[in-house]
Amino acid sequence: MGKRIVKRRQRAEFNTAHYQSEETKVRALFPGTNWSPDAREPMRDQRFIKNVKPRSQGQAVLMKSIEDHNLVLALGPAGTGKTFLAVAKAVEALEAGSVSRIVLSRPAVEAGESIGFLPGAMEEKLAPYLRPLYDALADRLSPKKLKAMMAEGLIEIAPIGYMRGRTLNNAFVIVDEAQNCTYGQLKMLLTRLGWNSTMVVTGDPAQSDLLPEMSGLAQIADKMDALDDIAVCRLAAEDIVRHPLVATMLTVL
């Protein structure tokens with residue numbers, strides 16, 4: 001190739017056919033479509049906007065309670081959508097500007113198996129425990145947007161051990177897996193509620209990983225039932241939206 005260029009230069013020849021205009025070189029990447037790389041709208045992470053709708057009467061009551069109350073306790077068996085509905089409402093409130101941040105809190109208690117010390121910073125240590133919340137957030141937000149919101153502090157991870165003395169104003173607080181919290185921990189968490197904030201506490205008293213009688217969720221819920229300004233939603237087996245076998249198994253487990 002180099003020798004031919006040198007010979008062409010020596011003969012003072014100019015191959016005009018080779019140096020065509022850029023327009024003639026452009027070919028349709030997908031013939032028959034109108035897609036163009038020069039479109040005004042830049043490429044972005046696309047996702048389907050899914051409207052969250054209740055699939056049972058219990059879920060409808062829970063969603064209505066989150067809209068009407070600043071403190072909601074959602075108790076029920078696995079698969080009733082407690083965490084997902086709480087996260088969906090939190091994202092909805094954040095995008096609407098009703099709150100300025102989402103605060104996620106969950107007890108760092110293993111399900112009967114200790115995996116030892118975890119390396120990394122606080123967020124990295126808590127990441128395995130908060131994975132269910134991350135999955136629900138990623139379902140409502142694109143992974144790229146979720147990462148950006150966490151970097152900006154719009155979505156905050158708050159370990160229960162560091163919540164003492166805080167006041168959570170203008171926030172949507174989600175306390176997940178609350179059945180693994182003691183009575184004292186739940187009392188401390190519930191009293192963190194600040195102005196213009198909503199707190200949703202979710203858990204299944206029947207699946208506590210603490211020693212018997214240590215979980216304070218059922219006791220707290222029974223006491224909150226007497227208060228009109230606090231909603232206590234108790235979901236049942238008919239509200240389970242996972243595989244039908246989950247509801248069947250829970251009748252004998």
Side-chain angles (χ1 to χ4, degrees), residues 47-67 69 71-92 102 104-115 126-141 143 146 160 172-182 185-186 189 198-222 224-225 231-253:
R47 64 184 179 93
F48 293 100
I49 305 299
K50 294 186 287 187
N51 296 323
V52 178
K53 296 181 180 180
R55 299 182 61 181
S56 67
Q57 183 62 30
Q59 290 188 351
V61 171
L62 175 58
M63 295 180 69
K64 180 65 175 175
S65 299
I66 296 176
E67 295 174 358
H69 297 81
L71 179 58
V72 179
L73 278 71
L75 284 68
T80 51
K82 306 180 297 296
T83 300
F84 181 82
L85 293 179
V87 170
K89 283 298 182 180
V91 173
E92 181 181 325
I102 297 174
L104 307 177
S105 187
R106 185 180 187 272
V109 178
E110 294 91 353
E113 181 182 8
S114 178
I115 57 177
L126 289 175
Y129 302 101
L130 295 172
R131 190 70 231 180
L133 293 172
Y134 289 153
D135 291 341
L137 283 169
D139 191 84
R140 305 304 303 161
L141 302 166
L146 173 59
I160 291 178
F172 197 109
V173 186
I174 300 176
V175 181
D176 194 35
E177 301 293 339
Q179 75 273 5
N180 290 330
C181 294
T182 63
Q185 287 177 325
L186 284 174
L189 288 172
T198 298
M199 179 180 291
V200 180
V201 181
T202 68
D204 179 10
Q207 292 198 43
S208 177
D209 297 311
L210 301 178
L211 294 175
E213 306 301 329
M214 284 191 62
S215 175
L217 180 60
Q219 187 178 358
I220 287 282
D222 292 339
M224 295 298 173
D225 268 331
V232 179
C233 301
R234 302 180 187 275
L235 303 176
E238 54 267 20
D239 300 312
I240 294 177
V241 294
R242 284 182 185 165
H243 195 284
L245 286 178
V246 175
T248 304
M249 288 186 294
L250 289 178
T251 61
V252 297
L253 294 177

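This structure is a prediction, so every number in the text was calculated from the model and none was measured.
No option in V200, L133, D135 other than L133 meets the side chain to side chain contact (heavy atoms under 4.5 Å, CB included) test with T83.
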Review point. Passes side chain to side chain contact (heavy atoms under 4.5 Å, CB included), V91 versus F172? Steps please.
Key: CA-CA 9 Å; V91 173; F172 197 109; over 6 Å; no

**Study point:** Check against side chain to side chain contact (heavy atoms under 4.5 Å, CB included), L75 and C233
**Key:** CA-CA 6 Å; L75 284 68; C233 301; over 6 Å; no

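When every heavy atom of A237 is checked against every heavy atom of P77, the shortest pair comes out as N-CG, 4.3 Å. Among all heavy-atom pairs drawn from A178 and V201, the shortest one is CB-CG1, 3.4 Å. In plain terms, the two heavy atoms of V246 and A78 that are nearest each other are CG1-O, 4.0 Å. Across all non-hydrogen atoms, the minimal contact from I160 to S105 is CG1-OG, 3.1 Å.
Separating the NE2 atom in H69 from the CE atom in M199 is a distance of 15.5 Å, to the nearest 0.5 Å. Rounding to the nearest 0.5 angstrom, the gap separating the CG atom in D225 from the CD1 atom in I220 is 11.5 Å. E67 CD to L62 CG: the interatomic distance, rounded to the nearest 0.5 Å, is 10.0 Å. Here the CE atom belonging to M214 is positioned 11.0 Å from the SG atom belonging to C181, to the nearest 0.5 angstrom. If you take CD on Q179 and CG on L186, they are separated by 10.0 Å, rounding to the nearest 0.5 Å. For the atom pair L137 CG and I174 CD1, the distance stands at 7.0 Å (nearest 0.5 Å).
V241 has its side chain out of reach of S56: every pair of non-hydrogen atoms, C-beta onward, lies at least 4.5 Å apart. The shortest distance between side-chain heavy atoms of S215 and T182 does not fall below 4.5 Å. Residues R140 and V52 form a side-chain contact, since some pair of their non-hydrogen atoms from C-beta on lies under 4.5 Å apart.
Applying the side chain to side chain contact (heavy atoms under 4.5 Å, CB included) rule to E92 yields the partners K89; only residues at least two apart in sequence or on another chain are considered.
We find that K82 and D239 are not joined by a salt bridge, their nearest charged nitrogen and carboxylate oxygen being 4.0 Å or further apart. Salt bridge annotation for D176-R131: absent, with no cationic side-chain nitrogen under 4.0 angstrom from a carboxylate oxygen.
With hydrogens and angles disregarded, no donor-acceptor distance shorter than 3.5 Å links the side chain of T202 to the backbone of A74.
Residues Q59 and Q57 have side chains that never bring a donor and an acceptor to within less than 3.5 angstrom of each other.
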